[in-house]
Student: 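Mind looking over this structure? Questions follow.
Letters A, B, ... are given to chains in the order of the sequence lines, protein chains preceding strands, and every chain is numbered from 1.
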Number of protein chains: 2
Amino acid sequence: MTDHPHTRLGRTVGANSGPVVGMVGAGQLARMTAAAAVTLGIDFRVLAAGARESAAQVCAGTVIGDYRSAADLKAFAADCDVLTFDHEHVPGPLLAELEGAGHVLRPAPSALRFTQDKLAMRERLTTLGVHCPRYAIAADLADVTGFAAIGGWPVVLKAIYGGYDGRGVWVCASPAEAAEVLAHGLDLMVEEHVPFERELAILVARAPSGQGAAYPVVQTVQQDGICREVLAPAPGLAPGTAAAAQRLGLAIARDLGVTGLLAVELFDTPDGLIVNELAMRPHNCGHWTIEGSVTSQFEQHLRAILDLPLGSPVQARRHAAMANLLGGENPDLRSGLPHVLAADPAVKVHLYGKQVRPGRKLGHVTALGHDPAVVRKRAMRAASYLADGVEDP
Amino acid sequence: MTDHPHTRLGRTVGANSGPVVGMVGAGQLARMTAAAAVTLGIDFRVLAAGARESAAQVCAGTVIGDYRSAADLKAFAADCDVLTFDHEHVPGPLLAELEGAGHVLRPAPSALRFTQDKLAMRERLTTLGVHCPRYAIAADLADVTGFAAIGGWPVVLKAIYGGYDGRGVWVCASPAEAAEVLAHGLDLMVEEHVPFERELAILVARAPSGQGAAYPVVQTVQQDGICREVLAPAPGLAPGTAAAAQRLGLAIARDLGVTGLLAVELFDTPDGLIVNELAMRPHNCGHWTIEGSVTSQFEQHLRAILDLPLGSPVQARRHAAMANLLGGENPDLRSGLPHVLAADPAVKVHLYGKQVRPGRKLGHVTALGHDPAVVRKRAMRAASYLADGVEDP
């Protein structure tokens with residue numbers, strides 16, 4: 001033991017320093033992970049495109065660089081013991097290069113690719129016997145019309161690479177609409193348009209040791225492909241179905257070799273649960289866990305990627321509702337804070353420090369309580385007021 | 001509204017930026033306040049003596065400077081809309097100078113002086129009719145022996161200025177012991193040695209608007225003048241006594257004009273509650289509120305000093321216990337984490353990033369639950385294990 005800093009792996013660290021965690025990307029997920037790292041005393045860095053990014057504003061360990069640049073990634077990785085990600089956009093070849101150079105990536109590129117390549121994801125999940133929408137490659141219009149000839153219109157066209165938050169997903173009602181999407185020149189696949197009753201999400205964590213932990217299954221409410229609300233637990237979900245969904249999440253995490261968090265977005269249909277998307281990082285469906293669960297998803301992700309024992313994912317209060325604060329008519333979110341906080345002293349407001357733009361995720365609000373309808377109303381009311389600066393009519 | 005940063009008060013801010021809060025001091029209180037500021041989207045700065053201080057390690061808005069330097073304080077204040085403090089050690093004349101220059105200090109110097117000058121505090125509280133220990137100025141040994149002639153030995157000698165965490169407090173059993181303390185040449189006062197049954201603490205917040213909020217009264221367990229444990233709510237405290245204590249805290253905050261948090265340390269005696277010390281900042285007695293209350297003390301302090309409506313101080317789970325992690329035999333706190341987290345997946349560990357030194361506050365552990373004896377054991381077990389690297393015998 002020494003009181004003087006010493007050098008380890010070329011870094012200056014204190015005697016009581018633990019591993020350095022580096023997160024590629026500096027959006028709100030990195031920002032909230034940074035706050036969890038403060039609590040656990042973890043030396044946490046983010047690779048940010050600029051100093052005004054959400055996490056860069058608050059994280060002392062901010063490095064400015066481009067996640068598409070091999071040189072920037074390598075320089076960042078050199079100072080970190082474990083690399084993780086707040087998005088899926090780091091090109092696969094760069095991930096492979098980092099791993100080849102001996103860096104520890106969690107999740108590993110072999111798992112991450114199933115979030116970057118939707119076709120590979122569908123093929124792998126289908127192999128595993130997981131219920132997915134019917135799908136096919138859509139190289140040209142004939143592929144799409146052939147696919148629609150079996151299941152009918154509309155169909156869903158998806159960019160195989162790079163989509164998120166509803167971007168890269170098109171519901172096409174006719175060959176003409178499909179042709180328009182095909183004209184973008186992207187690598188596309190076509191999927192059946194699943195007539196779901198609602199959307200659910202499973203969030204699980206898996207550590208390199210193999211330990212897994214599943215959060216309660218939640219309902220997500222989307223609008224224009226963007227998450228508006230999350231209700232935890234999913235209202236009215238049969239306990240057996242919820243447990244089966246949790247087991248499904250844990251099984252996918254295990255089978256894909258995920259380390260860290262895995263979010264599985266699901267369609268709830270009369271024929272059962274159908275997997276829509278995967279993400280391997282903290283996820284919007286888990287923001288409610290900050291106050292609503294014994295262990296927040298951000299702390300859980302850090303524990304998982306550091307191979308620490310996972311925290312209890314149990315829900316702390318009977319019901320939680322999370323409403324996203326999307327950019328609206330109010331140019332200054334803070335102007336609504338006095339009203340919102342006075343009206344509901346128990347509502348939890350999270351602001352990400354981002355510039356207001358219509359539809360942009362700028363923050364979220366969580367409410368906890370015993371009555372699911374009431375907590376939902378409280379969260380939405382606060383988020384709407386902040387976004388628009390007036391009460392909802 | 002604009003997407004381009006503009007200059008306000010000489011600072012570059014984004015269109016969606018709120019007020020800048022600057023905290024003088026960068027210990028663990030500033031570190032945990034920084035995490036709360038991240039959530040609320042508050043631009044938060046700390047004035048740190050060095051980059052390795054607890055809050056400086058994590059806070060992007062760290063400014064290095066000396067809190068005893070008028071120039072450093074002024075430069076720091078110039079970039080902040082509201083100044084607040086993680087300790088009571090900024091010299092009064094410098095506080096007055098900052099206020100005179102138009103800076104907003106919360107709490108104001110007129111309130112803070114009652115935490116810096118224990119004699120002034122006793123005089124003011126006595127005037128307010130608050131029950132305090134009997135006290136007198138102790139300029140020389142005759143003052144002390146004269147005081148002891150009335151109430152007997154032992155007596156308590158206290159430094160009027162600058163004490164904290166048991167420093168600056170001496171229990172003297174004889175004139176010889178008192179003479180030894182007097183030889184230090186400090187400004188001293190003498191107080192009766194109160195034969196208390198236990199120690200309690202009240203934590204309240206007060207906003208400039210006048211709004212006040214009181215947390216549940218807690219029991220604090222001290223050892224060698226340092227807090228070891230906090231139990232919330234204080235076990236077995238009669239509801240009427242608890243409510244009276246909360247009202248006392250709110251009344252003191254109002255009467256002293258406190259803005260932000262006020263912690264009142266109390267002796268619980270057969271003759272009732274006696275006020276021991278005051279602090280006007282987040283306080284060790286409130287660490288349990290991070291997970292145990294709807295609103296953490298750190299968020300509450302920020303809301304209070306920004307004159308935002310206060311959050312609900314209600315306890316989220318029936319019982320909470322907080323155990324301080326004091327430096328012990330284990331030179332590497334992290335070595336115990338796998339064991340502690342595996343043994344109790346619901347315990348919440350907070351590490352402050354500080355070098356291990358015997359007796360130093362390095363972190364804390366909070367446990368929540370229904371059985372007060374169980375939560376107390378869980379928190380202490382985890383804290384002891386981390387401190388010593390082995391199970392308590």
Student: Evaluate the side-chain contact (heavy atoms from CB on, under 4.5 Å) criterion for residues A/Lys348 and B/Thr295: first the C-alpha distance (whole Å), next the side-chain angles of each, then the deciding distance (0.1 Å), finally the verdict.
Tutor: CA-CA 8 Å; A/Lys348 307 311 295 179; B/Thr295 310; 3.8 Å; yes
Student: Quick one: are A/Arg334 and B/Ile42 in side-chain contact, heavy atoms under 4.5 Å?
Tutor: yes
Student: With heavy-atom distances below 4.5 Å as the criterion, would you say the side chains of A/His350 and B/Val38 are in contact?
Tutor: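 No, too far: nothing below the 4.5 Å cut-off.
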Student: For B/Glu391, is the CD atom crowded, meaning more than 12 foreign heavy atoms sit under 6.0 Å from it?
Tutor: yes
Student: Only pairs of heavy atoms separated by less than 4.5 Å count here; which of B/Ser54, B/Ala55, B/Ala346, B/Ala35 has the most with chain A?
Tutor: B/Ala346
Student: Out of A/Ala213, A/Gly311, A/Pro338, which one racks up the most heavy-atom pairs below 4.5 Å with chain B?
Tutor: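 Winner by heavy-atom pair count: A/Pro338.
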Student: Could you tell me which of A/Pro345, A/Ala51, A/Ala36 has the largest number of non-hydrogen atom pairs under 4.5 Å with chain B?
Tutor: A/Pro345
Student: Of the backbone (N, CA, C, O) and the side chain (C-beta and beyond), which part of A/Thr62 lies under 4.5 Å from a heavy atom of chain B, both, or neither?
Tutor: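 For A/Thr62, there is no contact with chain B at all, as no heavy atom is under 4.5 Å.
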Student: Between A/Ala56 and chain B, which part of the residue has a heavy atom less than 4.5 Å away: side chain, backbone, both or neither?
Tutor: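 The answer is the backbone of A/Ala56.
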Student: Quick check on side chain to side chain contact (heavy atoms under 4.5 Å, CB included): which of B/Leu341, B/Asp344, B/Leu337, B/Val340 does A/Pro309 satisfy it with?
Tutor: B/Leu341
Student: Non-hydrogen atoms of chain A under 4.5 Å away: do they reach the side chain of B/Glu299, the backbone, both or neither?
Tutor: side chain
Student: Would you mind checking which part of A/Leu308 comes under 4.5 Å of any heavy atom in chain B, side chain (CB onward), backbone (N, CA, C, O), both or neither?
Tutor: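 Looking at A/Leu308, just its side chain touches chain B.
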Student: Using side-chain contact (heavy atoms from CB on, under 4.5 Å), reason through B/Thr39 and A/Met32 one step at a time and then give a plain yes or no.
Tutor: CA-CA 8 Å; B/Thr39 299; A/Met32 291 185 268; over 6 Å; no
